[in-house]
Amino acid sequence: MSERLASFDPGNGDLLGEVDVTEIGQISGVVAAAHAAMTDWRSMGIAQRAQLLDRAYAKMKPHMNELARLLSREMGKDIGRAGGEMNWVAYGGPQMAHSACEALQGRDLGTGSRIEYRPLGVVAVISPWNYPLAMANNLIVPALVAGNAVVFKPSEETPLIAQAFVKILNETLPHHVLQIVHGNGAQGRELVDGDVNMIAFTGSQATGKEIMKRAAGGLKRLVMELGGNDPVIVMADANIEAAARFAVASSFENAGQMCISTERIYVDEKIADQFESRVVEIASSYKVGPWDMQGVNIGPIINAAQHGKIIQHIRDAELKGAKILLGGSKQPERYINPTVISGMTPDMQMEREETFGPVVAMSRYVKVEEAIERANDSTYGLGAVVFGNRDAQAVADQLEVGMVGVNQGPGGGGDAPWVGAKQSGVGFHGSEDGHRQFAQVRVVSNRQQSSEE
Ligand code: NAD
């Protein structure tokens with residue numbers, strides 16, 4: 001009998017269900033079946049693939065409430081946020097398919113040559129638990145539209161919602177074009193080492209580095225969206241109310257378990273007293289609790305290891321002299337109450353590492369150059385935000401990140417790329433350029449021979 005992977009409600013530890021773990025020895029067969037399925041899939045034509053995805057996603061619509069409920073219970077985010085993620089997937093999936101379809105059309109260069117975007121082969125999509133469907137969907141859709149077959153390995157924390165998603169899509173998609181492999185890092189490693197042509201990964205920086213090493217032997221194509229340690233700089237001429245609201249909302253979103261959540265705030269000392277006290281007031285109004293509690297906006301932490309890491313970061317800050325303005329290192333099981341600290345210094349884990357919890361961590365600066373230097377003194381480079389007026393854009397221009405927002409969050413609207421700089425990513429997805437990373441670019445030059453030659 002195969003091993004089972006159990007999934008629990010992070011808010012109370014209740015068993016929600018189980019799936020079969022994919023045995024390591026079965027993974028090469030899964031990948032071989034994906035290669036075999038590609039023959040028909042790639043010859044189908046890109047517009048038909050996008051249309052088929054439309055039909056596949058349409059079958060999700062009658063099940064939106066039950067899917068949102070499952071996502072909410074399994075990951076821990078409240079039902080409103082889970083509904084938002086389901087909408088992004090079910091309605092955004094077909095839109096993404098159509099923009100990928102446009103981006104991947106061949107085109108003439110006007111010189112007797114043309115560019116084609118051809119499938120790469122089998123794409124391994126490996127995803128995290130914090131946005132268990134959205135993150136996977138962002139990679140699965142362009143990979144399929146480009147004519148690749150996908151083997152999807154969801155996080156071991158959220159197998160049930162991933163299984164439900166794949167089951168619905170597979171009512172419409174041809175056999176083996178989209179398959180799922182369940183397990184943890186061991187299954188992920190086996191897949192990366194297997195006969196796959198591309199790895200599209202969202203997850204931590206440490207796992208990304210291991211995947212890159214393993215993929216090097218076969219020079220496999222990589223798109224990797226990795227962790228962040230996003231800074232916010234609040235300048236003296238900022239709208240303090242707007243900056244404080246953003247600081248709290250972005251630090252606490254998804255219980256802080258978001259790649260672009262605010263992790264460190266540098267505030268001009270001239271406005272720091274006012275800013276800090278407003279942050280504490282706003283943070284105090286946040287409600288902590290399980291997925292179905294009325295008005296909740298901070299859910300449970302995904303597992304005990306992550307819970308322990310957040311407490312460790314708060315304790316480290318306490319020991320190194322930070323001032324705890326709200327919350328602190330004494331926390332209940334499974335949850336972290338809103339925590340606000342001031343006096344963060346560069347030697348603290350909070351400044352150097354991704355905390356991934358509902359903590360607002362602040363530090364004062366005298367000169368903005370100091371804030372810019374500390375913001376950039378990181379291996380991460382995902383997002384950053386500047387609140388201010390006259391020189392805010394000039395400060396934003398100096399930040400070493402893939403996405404920067406001025407007086408708003410990072411990440412553009414519409415079909416903008418989702419992209420990390422430095423060690424927060426390799427390649428990217430979203431936008432014409434992003435969709436094209438799921439295809440092999442091919443230049444075809446064809447000189448028609450005349451009968452006289
Ligand atoms: P993780 O790296 O621990 O795991 C991600 C996935 O990789 C899981 O499916 C896991 O089973 C698998 N895995 C683990 N080890 C592997 C290996 N050696 N080879 C192949 N696969 C392996 O990350 P996580 O804890 O699930 O997710 C949280 C992290 O993801 C945070 O760092 C967060 O910032 C990041 N993240 C980034 C983005 C982005 O767009 N940049 C979005 C969401 C999450």
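Atoms within each ligand, like the ligands themselves, are counted from 1 in listed order.
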Geometric class of the Phe252/Tyr286 ring pair [parallel <30°, tilted 30-60°, perpendicular >60°]: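 If you compare the ring of Tyr286 with that of Phe252, the planes turn out perpendicular.
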Met86 CE to Ile161 CD1 distance, which is reported to the nearest 0.5 Å: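 One finds 6.0 Å between CE of Met86 and CD1 of Ile161.
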Value rounded to 0.5 Å, distance of NZ in Lys309 from CG in Asp316: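 Spacing of NZ (Lys309) from CG (Asp316) equals 12.5 Å.
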Under a 3.5 Å cutoff, is there a donor and acceptor pairing between the side chains of [X] and [Y]?
X	Y	answer
Gln163	His182	yes
Asp347	Thr345	yes
Gln312	Ser329	no
Lys59	Thr172	yes
Glu253	Ser261	no

Within reach of ligand 1, part of Asn184 (heavy-atom separation under 4.0 Å):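 The answer is the backbone.
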Phe201 six-ring face occupied by Lys153 cation (under 6.0 Å, within 45°):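 No; the conditions do not both hold, so Lys153 does not lie above the ring face of Phe201.
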Before signing off on this row, confirm whether [X] and ligand 1 have an N or O atom pair separated by under 3.5 Å.
X	result
Glu210	yes
Thr202	no
Glu156	yes
Trp129	yes

Please verify whether a non-hydrogen atom of [X] lies at under 4.0 Å from ligand 1.
X	result
Gly420	no
Tyr131	no
Pro154	yes

Where ligand 1 meets Met135 - atom numbers and elements under 4.0 angstrom, heavy-atom basis: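 Those atoms are 42 (C), 43 (C).
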Under 4.0 Å to a heavy atom of Asn130 - the qualifying atoms of ligand 1, by number: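 Heavy-atom distances to Asn130 below 4.0 Å select 43 (C), 44 (C).
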Heavy-atom protein neighbour under 4.0 angstrom from atom 36 (N) of ligand 1: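 For atom 36 (N) of ligand 1 the answer is yes, since some protein heavy atom falls inside 4.0 Å.
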Which heavy atom of the protein is the closest neighbour of [atom], given with residue, atom name and distance?
atom	value
atom 34 (O) of ligand 1	Glu354 OE2, 2.5 Å
atom 9 (O) of ligand 1	Ser127 O, 2.8 Å
atom 27 (O) of ligand 1	Pro128 CB, 3.2 Å
atom 21 (N) of ligand 1	Gly188 CA, 3.5 Å
atom 23 (O) of ligand 1	Ser204 N, 3.5 Å
atom 16 (C) of ligand 1	Thr207 CG2, 3.3 Å
atom 41 (N) of ligand 1	Leu226 O, 2.7 Å
atom 5 (C) of ligand 1	Phe201 CE1, 3.8 Å

Tyr266 and Tyr365 aromatic centres sub-6.0 Å: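 No, ring centres 6.0 Å or more apart.
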Candidate list Glu353, Glu263, Arg352, test side chain to side chain donor-acceptor pair (under 3.5 Å), partner His313, passing option: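 Option passing the side chain to side chain donor-acceptor pair (under 3.5 Å) with His313: Glu353.
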Side-chain donor/acceptor pairs under 3.5 Å, residues 220-227, sequence neighbours excluded:
from: Lys220; atom 1: NZ; to: Val192; atom 2: O; distance (Å): 2.7
from: Lys220; atom 1: NZ; to: Gly194; atom 2: O; distance (Å): 2.7
from: Arg221; atom 1: NH1; to: Leu219; atom 2: O; distance (Å): 3.1
from: Glu225; atom 1: OE2; to: His429; atom 2: N; distance (Å): 3.3

